[in-house]
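Below you'll find the structure, written out as structure tokens, and then a few comments.
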Amino acid sequence: MHASAALLLELGLVLTVLTLLGTAARRFNLSPIPLYLLAGLALGDGGIAPNAQLTGFLEAGATIGVVLLLLTLGLEFSVGEFAESMRRHLPSAGVDLVLNMTPGAVAGALLGLDAIGILAMAGITYVSSSGVASRLLTDLRRLGNRETPAVLSVLVLEDFAMAAYLPLLSVLAAGGSVMQAVIGMVIALTALTAAFAVSYRWGPHIGRLVSHPDAEQLLLRLLGLTLVVAALAEYINASAAVGAFLVGLTLTGETAQRARVVLSPLRDLFTAVFFVAIGLTTNAAHLIPMLPAALLLAAITAGTKMLSGAYAARIDGVGRQGRLRAGSVLVVRGEFSLVVIALVGEAYERVADIGTPYVFILAIAGPVLTRYLGAPREAPGRASSPGI
């Protein structure tokens with residue numbers, strides 16, 4: 001009983017601190033994400049107020065948070081429109097991959113790593129954070145901007161690429177054969193493609209099954225379906241976020257509108273937990289030794305992400321300001337990069353030594369860059385006009 005009371009008290013204090021941090025960020029028209037990440041660092045090992053008791057709850061809440069973020073993001077779009085956008089942006093995915101894997105691979109080679117270590121570094125610098133990027137688009141009211149479909153296409157295509165990359169890396173890092181790694185890649189990509197096809201072909205039928213006039217029933221049905229799909233996506237080494245995003249795409253019209261309303265409070269709570277948990281899993285003291293090298297790598301890859309985002313937005317005919325906005329959203333790194341570090345961290349300490357501070361630099365600096373670089377000229381809450 002006393003342990004339960006202590007947990008409730010500590011959790012209440014954490015949420016109160018997050019409230020104050022969020023209020024301070026909103027006061028200056030900033031995203032609260034960097035402050036939430038720093039709060040997580042303070043609570044983790046090596047922080048000013050470490051608390052191991054909260055770790056279990058926050059880690060579970062973080063998984064739910066990123067699922068809810070991508071689910072609500074998918075609710076903003078139709079599956080047909082998004083499928084067309086993804087087809088149009090296949091060249092963008094290629095540019096994104098080459099521009100952003102190359103700096104990591106070069107850094108790995110300079111660190112004297114072997115092929116697996118180089119592959120891990122390439123993945124860390126390649127993939128943007130879907131969770132952080134989607135929260136930024138919501139915080140800064142850019143979901144209606146013309147460049148947003150291009151940004152989302154790049155993010156989802158990155159997640160598709162990670163569905164092939166993660167099985168490859170995990171098998172090779174564990175000492176498996178190349179053939180085993182290839183089989184894992186094929187299984188993951190086939191399952192993910194099949195899920196997208198089901199969403200595209202039978203989306204309206206799924207939407208009718210989920211829909212219900214009672215808000216409680218709608219919430220329970222939608223959450224149940226989303227968590228099952230997200231779990232299946234994780235099981236095949238794909239992304240739970242992609243699974244949740246596909247569920248969101250299947251819902252349209254009044255059902256999607258009502259779903260956004262009932263999900264918003266849960267999303268806001270668990271996404272705050274998600275960002276705190278990212279910081280909580282990291283020992284602040286481990287960020288210092290390789291900080292200069294991480295800063296240099298972060299500066300280089302922030303530039304390459306800006307270029308790849310601008311290229312994607314240009315395909316959609318977006319103007320200069322919109323291209324800057326698109327690139328800045330993609331700068332953030334987060335959960336995927338940390339997964340890569342976890343896969344190889346014990347065997348490749350140098351990957352963790354430089355990769356961890358690198359992720360935190362861009363997870364904290366990225367939202368600030370997004371807020372100030374390429375800020376729209378129109379009043380807050382209004383979508384950009386075409387070509388901006």
task = Check Asp139 against Pro32 and note the closest heavy-atom contact, atom names and distance.
result = OD2-CD, 3.6 Å
message = Distance check, rounded to the nearest 0.5 Å: Leu307 atom CG versus Thr301 atom OG1?
response = 11.5 Å
Over all atoms of both residues, closest heavy-atom pair of Tyr311 and Val95 = CE2-CG2, 3.7 Å
message = Which heavy atom of Val67 sits nearest to which heavy atom of Ala244, and what is that distance?
response = O-CB, 3.3 Å
key: Qualifying residue for side chain to side chain contact (heavy atoms under 4.5 Å, CB included) with Leu330, from Val127, Thr304, Val154   = Val154
message = Is there a side chain to side chain donor-acceptor pair (under 3.5 Å) between Tyr348 and Asp114? Walk through the geometry before answering.
response = CA-CA 10 Å; Tyr348 294 86; Asp114 62 12; 2.8 Å; yes
task = Evaluate whether atom CZ of Arg88 has more than 12 neighbouring non-hydrogen atoms of other residues, nucleotides or ligands under 6.0 angstrom away.
result = yes
ask   = Do the side chains of Phe270 and Leu75 join up, straight or via other hydrophobic residues, at under 4.5 Å, putting them in one cluster?
value = yes
inquiry  = Quick check for you: to the nearest 0.5 Å, what is the distance between Leu269 atom CG and Leu68 atom CG?
reply    = 9.5 Å
request  = Quick one: pull up CG in Leu251 and CG in Leu222 and give me the separation to the nearest 0.5 Å.
outcome  = 6.0 Å
task = Kindly check if the number of other-residue, nucleotide or ligand heavy atoms within 6.0 Å of CD (Gln217) is above 12?
result = yes
query = Taking it one step at a time, do Leu219 and Leu266 satisfy side-chain contact (heavy atoms from CB on, under 4.5 Å)?
reply = CA-CA 10 Å; Leu219 177 62; Leu266 279 178; 4.0 Å; yes
key: Non-hydrogen atoms of His212 and Leu218 that approach each other most closely   = O-CB, 4.1 Å
Test log, rule side-chain contact (heavy atoms from CB on, under 4.5 Å), inputs Arg135 and Phe275 = CA-CA 10 Å; Arg135 177 60 188 262; Phe275 295 119; 3.8 Å; yes
Over all atoms of both residues, closest heavy-atom pair of Val329 and Ala133 = CG1-CB, 3.7 Å
inquiry  = I'd like to know if Val182 and Leu119 are part of one continuous hydrophobic network [Ile/Leu/Val/Met/Phe/Trp/Tyr, side-chain heavy atoms within less than 4.5 Å].
reply    = yes
message = Quick one, Glu147 with Arg320, criterion salt bridge (charged side-chain N to carboxylate O under 4.0 Å, His left out). Give me CA distance, side-chain angles, the key distance, then yes/no.
response = CA-CA 10 Å; Glu147 74 275 2; Arg320 182 176 178 275; over 6 Å; no
ask   = Got a second to check how far Thr226's OG1 is from Ile64's CD1, nearest 0.5 Å?
value = 11.5 Å
query = Hey, what do you get for OG (Ser130) to CG (Leu70), rounding to the nearest 0.5 Å?
reply = 5.5 Å
request  = Please round to the nearest 0.5 Å and tell me the distance separating atom CD1 of Ile124 and atom CG of Leu338.
outcome  = 8.5 Å
